[in-house]
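Structure, as structure tokens:
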Amino acid sequence: MEKSCSLLIHFDKGTPALANEIKEALEGSDVPAKVDAMKKAVMLLLNGETLPQLFITIIRYVLPSEDHTIQKLLLLYLEIIEKTDSKGRVLPEMILICQNLRNNLQHPNEYIRGVTLRFLCWLNEVDIIEPLIPSIMSNLEHRHPYVRRNAILAVMAVYKLPQGEQLLADAPEKIENVLTTEQDPSAKRNAFLMLFQCAQERAINYLLTHVDRVSDWGDLLQMVVLDLVRKVCRTNKGEKGKYIKIIISLLNSPSAAVVYECAGTLVSLSSAPTAIRAAANTYCQLLQSQSDNNVKLIVLDRLNELKSSHREIMVDMIMDVLRALSSPNLDIRRKTLDIVLELITPRNINEVVLTLKKEVMKTQSGELEKNGEYRQMLIQAIHSCAVKFPEVASTVVHLLMDFLGDNNVASAIDVVVFVREIIETNPKLRVSIVTRLLDTFYQIRAARVCSCALWIIGEYCISLSEVESGIATIKQCLGDLPFYSASEEGEANDSSKKSQQINSTTVSSRRPAVLADGTYATQSAASETAFSPPTVVQGSLTTGNLRSLLLTGDFFLGAVVACTLTKLILRLEEVQPSKVEVNKATTNALLIIVSMIQLGQSSALPHPIDNDSYDRMVLCVRLLCNTGTEVRKIWLNSCHESFVKMLSDKQMRETEEIKAKAQISHSQPDDLIDFYHLKSRRGMSQLELEDAVQDDLKRATGEFVKDESDANKLNRVLQLTGFSDPVYAEAYVTVHHYDIVLDVTVINRTKETLQNLCLELATMGDLKLVERPQNYTLAPESSKQIKANIKVSSTETGVIFGNIVYETSNVFDRMVVVLNDIHIDIMDYISPAVCSDAAFRTMWAEFEWENKVAVNTVIQGEKDFLDHIIKSTNMKCLTALSALEGECGFLAANLYAKSVFGEDALVNVSIEKQADSKLSGYIRIRSKTQGIALSLGDKITLKQKGGS
């Protein structure tokens with residue numbers, strides 16, 4: 001079994017050294033060879049080897065050495081080896097090392113004294129330590145601070161032993177004397193730490209006696225003072241006032257670590273506005289002064305916690321938090337924006353939006369990497385601000401529309417979605433937005449952005465001039481007709497190889513050329529090639545964006561163009577009194593749509609038009625040829641109503657999420673409330689008065705967090721052994737982020753005393769035991785509480801297994817009771833989370849691990865099955881409730897959750913009801929790591945049938 005050591009050493013088990021080789025090297029006189037041999041011996045011992053034959057060799061040849069490295073390695077060796085027998089008695093040969101330790105404690109070299117004193121901190125054997133007590137105490141007065149600080153730690157370690165108070169009865173008094181006279185900061189810190197842990201009253205008296213000088217102490221000592229203050233205030237809340245004054249005085253410390261701990265201590269001990277404001281100010285100052293990105297992220301986490309519990313105070317700090325955007329790190333910027341967006345109020349919205357606009361303009365410089373991603377984050381933040389406060393939309397929408405042609409497609413999509421929402425929620429901006437969109441439409445290069453922009457043009461161009469401008473803009477961006485010539489169709493087969501080498505971007509036999517003076521002219525290409533690919537007829541090089549996208553085979557965009565033209569023609573019929581103009585525009589629209597259909601059916605492109613786009617275009621042709629009143633109503637009114645309903649559903653969903661995040665408080669009518677107005681205020685500071693008010697408010701509103709209910713605790717108790725076993729054991733499992741704590745109750749059900757009882761545990765998966773198992777003696781029919789800590793490193797279902805080993809006086813062999821396995825559930829690590837549809841799709845495309853689970857359930861309702869999966873997997877449904885309504889026989893929904901390790905879990909549920917009323921389909925899980933995909937799949941397979 002692996003052994004613990006105060007030094008972490010990497011060891012490669014590939015070629016372990018032989019004990020004989022180590023022994024020969026130790027017996028030689030070559031110092032480097034001895035050092036190497038001692039290192040190998042320590043590594044082997046740490047990895048479970050015993051090497052009993054080396055002990056006498058080390059005592060004879062290594063112990064007398066004067067080399068400092070060898071002496072340090074010798075102490076590591078002595079720390080690791082077993083020093084007691086099976087009954088807990090010190091081995092006789094250990095007496096051999098006592099004299100050497102005494103000599104080291106009296107050695108003229110301070111390093112030898114210091115490392116030996118440090119070694120004594122790890123010893124638990126009283127028989128070895130007792131003869132060394134006088135030497136340890138004499139080192140408290142050594143001239144060198146390195147020796148004194150380690151001597152204090154050794155005294156503290158000895159005093160903490162079960163028999164320590166008998167060995168060093170006057171230790172607290174002597175350490176207090178040392179603390180009074182000591183000048184070295186580290187030694188002083190160690191002395192105060194010893195009093196804090198071993199004689200708390202003496203530490204408190206010393207602190208209160210020197211309360212005016214605390215700010216002048218070293219940062220190491222100040223950190224221990226803060227630990228003491230936290231402990232005292234939690235046990236005795238009545239004295240909180242005088243200690244909080246000490247914390248506030250330390251907020252001016254030059255040490256960033258002390259200031260950070262002060263702020264955290266203030267928040268944990270007080271809810272008074274003055275204290276919270278001081279802590280928030282401190283965090284904001286650290287955010288600006290510290291250059292380390294990790295420090296900034298940690299401070300932002302603390303500010304985020306303050307935002308959740310003290311939002312009204314954090315609102316005043318919003319501009320200080322925004323200064324963190326000056327950092328080039330995207331994670332810091334993202335976290336800063338997340339905090340700021342939840343602190344926006346009508347008072348500060350204008351300042352925040354102005355700052356965000358300045359940041360957007362900075363991203364145009366192109367000097368920094370990932371400017372596109374940062375711009376996208378800013379656009380999303382401005383979008384959120386404009387949705388919450390529509391009055392600021394007019395100040396930002398025109399600036400953002402300059403980025404519709406952004407090379408970062410995601411950023412451009414965010415802009416056009418923002419414009420689409422603002423134009424509906426802000427009717428006053430409709431005219432200016434439509435005009436600006438028509439002016440900048442030619443700059444758009446992404447098909448998805450074009451599609452959304454075309455929908456806006458078709459839906460919100462209402463007046464005659466807007467409709468005519470919309471039609472003209474689309475015609476200009478499509479270029480001249482046809483998209484291909486008939487001669488090209490005939491020559492396509494003969495010239496297929498040649499045509500594949502030509503980059504088809506335009507359709508005319510004429511193309512623009514740039515003259516010497518910078519103007520455009522057209523030249524014929526008929527004489528240059530026997531086959532002319534489609535080319536733009538004429539115009540500036542910035543036009544023709546729709547045409548170039550169509551010629552790449554994007555006929556979904558073509559269908560959107562057809563629908564937009566149809567809407568514009570239908571609206572033109574309403575606003576244009578001249579029938580001649582209407583007929584002319586209808587004819588042109590029909591010609592464009594038919595040309596796109598012909599292009600899709602020709603062999604000029606490698607891929608023909610898809611059926612959906614073809615059906616959509618044909619529908620538009622039929623509609624333009626014969627328009628009915630009902631159809632006109634559907635195209636001009638119903639589409640807009642659907643969009644309005646989608647926005648209202650989105651707003652409702654966001655409101656529900658905000659309510660869900662709010663803390664649910666319950667207070668009983670008979671809960672005790674202390675009215676501080678009726679109490680004596682003598683000696684109470686303003687901070688204490690504020691604290692009393694806040695505590696009363698929390699009691700009245702039930703904001704104090706209740707402990708976990710007894711029913712939930714019982715659900716976490718697992719039986720480890722049978723009722724008929726001589727030793728009964730059960731465990732209460734607590735999972736807290738990266739830690740699992742097993743609180744194991746062991747009961748001796750026999751009439752005999754169990755000796756050397758040991759709870760031996762092992763793990764499978766990404767779990768790691770933290771502590772070595774200890775031996776206990778259990779009296780007849782008595783019980784023992786044993787705690788085991790386990791570290792978790794990933795979201796993967798792990799297994800803890802083991803046994804209980806013990807001895808009795810009647811049986812010489814050790815008895816073993818095998819324990820039931822403890823399965824650590826993935827549900828303890830993941831929690832529901834929210835992300836945008838675009839982010840979900842991006843992660844779905846990027847994640848490489850997928851687990852596909854076939855639906856096999858007795859549940860017959862599609863919605864019922866989805867609700868059961870959501871409850872079983874502890875995930876959040878991202879699909880809107882309106883999209884899940886109705887009875888259509890099939891259902892598709894996206895679920896999302898995030899683990900405590902920052903891992904994303906994506907689930908897509910696609911189910912269909914069969915003729916026999918049974919559900920069929922698949923549940924697909926995707927994640928970045930294999931563990932979470934497999935664990936979630938196993939969980940769904942187990943739970944989907946409708947079991948508990």
Which is it for Glu201 and Asn205 under the side-chain hydrogen bond (donor to acceptor under 3.5 Å, both in side chains) test, yes or no, and what are the steps along the way? CA-CA 6 Å; Glu201 286 301 321; Asn205 291 335; 5.0 Å; no

Just so I know, are the side chains of [X] and [Y] near enough to count as touching, which here means a heavy-atom distance under 4.5 Å?
X	Y	result
Ile133	Leu168	yes
Ile830	Leu936	yes
Glu261	Val258	no
Asp743	Gln785	yes
Leu54	Ile22	yes
Ile128	Cys98	yes
Ile747	Glu781	no
Ile81	Met94	yes

Mind telling me whether His142 and His144 have parallel, tilted or perpendicular rings, with 30° and 60° as the class edges?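 Rings of His144 and His142: tilted, as their planes differ by 30° to 60°.
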
Interatomic spacing from [atom1] in [X] to [atom2] in [Y] - rounded to 0.5 Å:
X	Y	atom1	atom2	answer
Leu934	Asp938	CG	CG	6.5 Å
Trp122	Leu78	CH2	CG	15.5 Å
Leu105	Met137	CG	CE	12.5 Å
Leu195	Met156	CG	CE	10.5 Å
Thr180	Tyr206	OG1	OH	5.5 Å
Ile822	Gln719	CD1	CD	12.0 Å

With a 3.5 Å distance limit and no angle check, can you tell me whether [X] reaches the backbone of [Y] through a side-chain donor-acceptor pair?
X	Y	value
Arg113	His107	yes
Thr753	Thr808	no
Asn851	Ala933	yes
Asn103	Gln99	yes
Asn748	Glu752	yes

Pick from Val817, Thr777, Ile804: which one makes a side-chain contact (heavy atoms from CB on, under 4.5 Å) with Leu757?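 Going through Val817, Thr777, Ile804 one by one, the side-chain contact (heavy atoms from CB on, under 4.5 Å) with Leu757 is satisfied by Ile804 alone.
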
Could you report the tightest heavy-atom contact between [X] and [Y], atom names first, then the distance?
X	Y	answer
Ile932	Ala905	CD1-CB, 3.8 Å
Leu76	Val42	CB-CG2, 4.4 Å
Ala729	Val744	CB-CG1, 4.4 Å
Tyr146	Gly114	CE2-CA, 3.4 Å
Val155	Met194	CG1-CE, 4.3 Å
Val232	Tyr243	CG1-CE1, 3.6 Å

Does the side chain of [X] come under 3.5 Å of the side chain of [Y] through a donor N or O and an acceptor N or O?
X	Y	value
Glu173	Asn177	no
Ser65	Asp67	no
Ser135	Arg102	no

Are Lys40 and Asp36 close enough for a salt bridge, meaning some N to O gap below 4.0 Å?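 Looking at Asp36 together with Lys40, the answer is yes, because their closest N to O distance falls below 4.0 Å.
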
Lys/Arg N to Asp/Glu carboxylate O, Lys898 vs Glu903, below 4.0 Å: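 Between Glu903 and Lys898 there is no salt bridge, as every charged N stays at least 4.0 Å from the carboxylate O atoms.
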
Does Glu130 have more than 12 heavy atoms from other residues, nucleotides or ligands lying within 6.0 Å of its CD?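 No, CD of Glu130 has 12 or fewer neighbouring heavy atoms, counting only those of other groups under 6.0 Å.
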
For Glu141, I'd like to know if atom CD has over 12 heavy atoms of other residues, nucleotides or ligands within 6.0 Å.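 For Glu141, atom CD is not crowded (no more than 12 foreign heavy atoms under 6.0 Å).
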
Evaluate side-chain hydrogen bond (donor to acceptor under 3.5 Å, both in side chains) for Lys23 paired with Gln53, printing each intermediate quantity in order. CA-CA 9 Å; Lys23 188 175 180 181; Gln53 64 273 34; over 6 Å; no

Might you work through the side chain to side chain contact (heavy atoms under 4.5 Å, CB included) test for Phe801 and Leu761, ending with a clear yes or no? CA-CA 6 Å; Phe801 55 93; Leu761 296 175; over 6 Å; no

Could you check Arg189, Arg148, Arg149, Lys188 and say which one makes a salt bridge (Lys or Arg N to Asp or Glu O under 4.0 Å) with Glu182?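 Only match with Glu182 under salt bridge (Lys or Arg N to Asp or Glu O under 4.0 Å): Arg148.
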
Show your working on side chain to side chain contact (heavy atoms under 4.5 Å, CB included) between Lys231 and Phe196 and close with a plain yes or no. CA-CA 10 Å; Lys231 184 175 180 182; Phe196 166 38; 3.6 Å; yes

For Tyr728 and Glu730, what are the C-alpha separation, side-chain angles and deciding distance, and is it a side-chain hydrogen bond (donor to acceptor under 3.5 Å, both in side chains)? CA-CA 7 Å; Tyr728 175 77; Glu730 62 183 21; 2.9 Å; yes

Worked check of side chain to side chain contact (heavy atoms under 4.5 Å, CB included) between Phe119 and Glu79: CA-CA 7 Å; Phe119 161 73; Glu79 181 185 338; 4.0 Å; yes

I'd like to know whether Ile740 forms a side chain to side chain contact (heavy atoms under 4.5 Å, CB included) with Asn789, so could you lay out the CA-CA distance, the side-chain angles of the two residues, the decisive distance to 0.1 Å, and finally the verdict. CA-CA 6 Å; Ile740 299 174; Asn789 293 313; over 6 Å; no

